[in-house]
Amino acid sequence: MDDRNIVTIDLGTSKIAVGIAHISGGNIDVTYYKETPSGGIKRGAVFNESNVAGALKRALEEAKKTTGMEVFSAAVSMPRCYISQYRSQAKMALDPTMAISEEEIEALENIAKNECPVNESNGETVYCAIAQSFSDGEEFQIPLEEIIGLERESIEGNYKIFAGNKTSLTRIASAFSKAGVTDSKKYFTAVASAKAVLSTSQIESGVALVEIGGGVTSVSVYKNGILCYYGSIPFGGKSITNDIITCCNIGEHLAENLKKGYGICLPGNLLNYDEKVLRISGKTMGTDKEISVKFLSEIITARMNEIADAVLYMIQESGLADDLVSGIVLTGGGAELGNVCNLFKEKSGLPVSIGRHGRNLSINNEATGILETAGAATAGMILLAAEDFHVDCTRIATVTPETVIIEEEPATTEDEPGTVFDNGAKEDESVEDPGETETQVKGKERGRIIPAWEKLIFGRNGDTPEQKEQRELEKKRKEEEKQRKAEEKRRKEEEAKRKKAEKQQKEENKKEKDFIDNIFGYEEA
């Protein structure tokens with residue numbers, strides 16, 4: 001039986017996310033997930049291998065102390081930005097008496113990769129190849145699920161090739177080597193995130209998956225179950241944080257917490273938050289500082305408008321803007337901002353929703369953070385690795401595992417007054433805050449800062465509609481799984497009864513035949 005641990009590492013501009021999952025048979029049990037600050041990464045790509053190796057070592061050390069497992073290999077995310085797209089065709093002769101297999105499709109894909117006209121002068125290499133259609137010489141536009149099993153003399157495939165900087169992959173390998181880890185598998189994040197977030201009906205009907213990360217915002221357009229287009233821009237949530245730092249004259253840590261706790265788009269739709277003012281005081285500042293939520297919203301909305309405009313341009317560039325029946329799905333850390341769906345909906349005229357994942361994963365208490373939108377890429381890589389990554393990435397560490405999760409201590413500097421949240425504030429600092437909801441307390445227990453706007457918009461003691469919907473969907477899924485198992489058990493019992501009845505009938509028929517043969521057999525002869 002398949003029994004192993006797989007490890008995935010998402011290298012982001014703002015964070016390094018480590019996920020560990022135990023694979024047993026068909027079950028995927030996520031046992032660990034934690035985000036730690038990254039270093040040496042710009043716009044989603046490694047530029048300082050030593051800094052990345054240091055941040056990676058710290059992240060893996062925390063994982064070892066928590067789980068008691070030492071990581072020696074892992075699957076890792078590829079860079080998200082500066083991706084080129086090419087078309088490539090591949091043709092292969094076959095034995096007409098043999099059915100086409102998955103191995104032959106894989107060989108055809110390798111031919112397409114090798115024949116792809118990537119710009120080698122710019123140091124490009126193939127990141128991913130996606131089959132758009134196949135031809136057997138008689139019919140065209142044959143999908144993958146129909147081509148396997150055919151018996152043909154030849155097969156031709158049309159591929160969309162996504163290529164990126166080869167040096168970026170080399171730097172990932174170098175950083176992993178310095179950290180003492182092997183990068184055993186690299187995943188194109190457009191495929192990984194879609195694997196976790198999108199449903200089969202969405203990718204069939206047409207959907208644009210928008211991932212708003214720290215340093216990169218990407219757009220993946222799916223239609224007829226195929227990734228048809230990928231585009232990205234080199235800014236995201238970190239740019240919003242930098243805007244807050246500049247406009248409010250505060251430190252990075254405080255700006256990031258303000259964005260997470262009080263970040264709302266569309267200042268005209270603030271409702272009872274319109275007059276809210278955050279008052280920050282501290283000895284290092286000398287005087288109190290006041291920042292209105294409306295002003296904060298104006299800063300965030302200006303940058304989000306820029307991101308949305310770029311996203312809509314890429315959707316138009318894909319040529320499938322009129323075919324997105326399922327609209328736009330948002331994921332990544334930036335999708336947690338308040339009113340972000342309304343902003344995209346007003347600009348695009350399309351249905352917009354937040355992508356929720358974890359449907360096919362069993363999540364332990366130490367890994368609940370993976371259910372946040374920032375964990376979509378990690379969840380997707382775990383699902384992909386469970387299918388095609390057949391090695392055990394961990395071994396038992398020599399240290400005694402701790403039973404508690406190490407909580408990150410946010411650093412502060414002389415020019416930074418502190419944080420706007422109780423779990424990070426110092427005695428000489430205070431921020432006006434209406435209190436915490438039960439949802440916020442639970443969020444802190446799993447390492448997430450729950451936005452303060454949630455309690456005013458959705459109620460002081462209630463969860464958000466998305467959280468309620470996620471809980472209801474999970475409950476419904478478990479009930480359906482229970483019913484399915486009960487139905488399967490009932491079907492097996494009925495099948496067993498049917499076989500037993502058939503066996504008894506055959507025995508009775510045999511006895512009757514033997515009786516007739518004994519009496520009339522001589523005359524019949």
Side-chain angles (χ1 to χ4, degrees), residues 44 80-88 127-133 140-141 143-144 158-164 188-213 216-237 239-240 265-266 269 301-335 337 339-357 373 376-377 380:
R80 294 166 165 84
C81 205
Y82 305 123
I83 305 298
S84 302
Q85 300 179 54
Y86 301 91
R87 290 191 177 276
S88 180
Y127 278 13
C128 182
I130 303 294
Q132 305 295 296
S133 65
F140 300 90
Q141 302 294 322
L144 176 61
N158 298 306
Y159 287 84
K160 180 70 72 70
I161 305 294
F162 300 95
F188 190 48
T189 51
V191 177
S193 297
K195 179 76 172 179
V197 173
L198 300 180
S199 65
T200 302
S201 61
Q202 286 175 321
I203 63 176
E204 287 289 343
S205 61
V207 65
L209 178 62
V210 178
E211 185 173 9
I212 308 173
V216 178
T217 298
S218 62
V219 180
S220 308
V221 180
Y222 283 80
K223 179 67 177 178
N224 298 326
I226 301 169
L227 173 60
C228 301
Y229 174 88
Y230 177 85
S232 60
I233 53 176
F235 51 87
S239 297
I240 297 175
C265 300
L266 303 176
N269 298 345
T301 302
R303 180 64 70 173
M304 282 305 303
N305 276 327
E306 185 179 356
I307 292 174
D309 288 339
V311 166
L312 296 179
Y313 172 81
M314 288 185 282
I315 291 176
Q316 289 292 334
E317 190 180 52
S318 72
L320 296 170
D322 296 330
D323 299 322
L324 303 183
V325 176
S326 296
I328 297 173
V329 176
L330 303 178
T331 189
L337 291 171
N339 283 339
V340 67
C341 284
N342 291 332
L343 185 146
F344 274 85
K345 191 178 299 182
E346 289 181 6
K347 280 185 164 291
S348 66
L350 296 169
V352 182
S353 61
I354 303 296
R356 300 300 177 187
H357 52 277
T373 54

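Because only heavy atoms are used, hydrogens play no part in the values below, and waters and symmetry mates are left out as well, while side chains stay in.
- With sequence neighbours excluded, the residues forming a side-chain hydrogen bond (donor to acceptor under 3.5 Å, both in side chains) with E306 are R303, listed by chain and number.
- Considering only residues two or more places apart in sequence or on other chains, K195 meets the side chain to side chain contact (heavy atoms under 4.5 Å, CB included) condition with L383, L384, E387.
- Rounding to the nearest 0.5 Å places SG of C341 at 5.0 Å from CG of L330.
- Looking at residues two or more places apart in sequence or on another chain, you find no side-chain hydrogen bond (donor to acceptor under 3.5 Å, both in side chains) involving D323.
- Taking E346 as the reference, nothing meets the side-chain hydrogen bond (donor to acceptor under 3.5 Å, both in side chains) condition, with sequence neighbours excluded.
- Looking only at side-chain heavy atoms (C-beta outward), N305 and K347 come within less than 4.5 Å of each other.
- Contact check for T189 versus S218: no side-chain heavy atoms found under the 4.5 Å cut-off.
- S353 places no side-chain N or O within 3.5 Å of a backbone atom of V329 that could act as its donor or acceptor partner.
- Checking V221, L198, L350, V197 one by one against V207, the side chain to side chain contact (heavy atoms under 4.5 Å, CB included) holds for a single residue, L198.
- In terms of the side-chain hydrogen bond (donor to acceptor under 3.5 Å, both in side chains) criterion, S318 has no residue partners (sequence neighbours excluded).
- Checking side-chain atoms of T301 against main-chain N and O of C265 turns up no donor-acceptor pair under 3.5 Å.
- The line from CD of E204 to OG of S199 is 10.0 Å long, rounded to the nearest 0.5 Å.
- Side-chain contact of Y229 with Q85: a donor-acceptor pair under 3.5 Å is absent, judged by distance alone.
- Atom CZ in R80 sits 7.0 Å away from atom OH in Y230 (nearest 0.5 Å).
- Within the 4.5 Å cutoff, the side chain of S133 has no heavy atoms near those of the F140 side chain.
- Once rounded to the nearest 0.5 Å, the distance linking CE of M314 with CG of D309 reads 11.0 Å.
- Residues L337 and L343 form no side-chain contact, since every pair of their non-hydrogen atoms from C-beta on lies 4.5 Å or further apart.
- Contact record, L312 with S348: CD2-CB, 3.5 Å, taken as the closest heavy-atom pair.
- Partners of P143 under the side chain to side chain contact (heavy atoms under 4.5 Å, CB included) rule, at least two apart in sequence or in another chain, are E145, E146.
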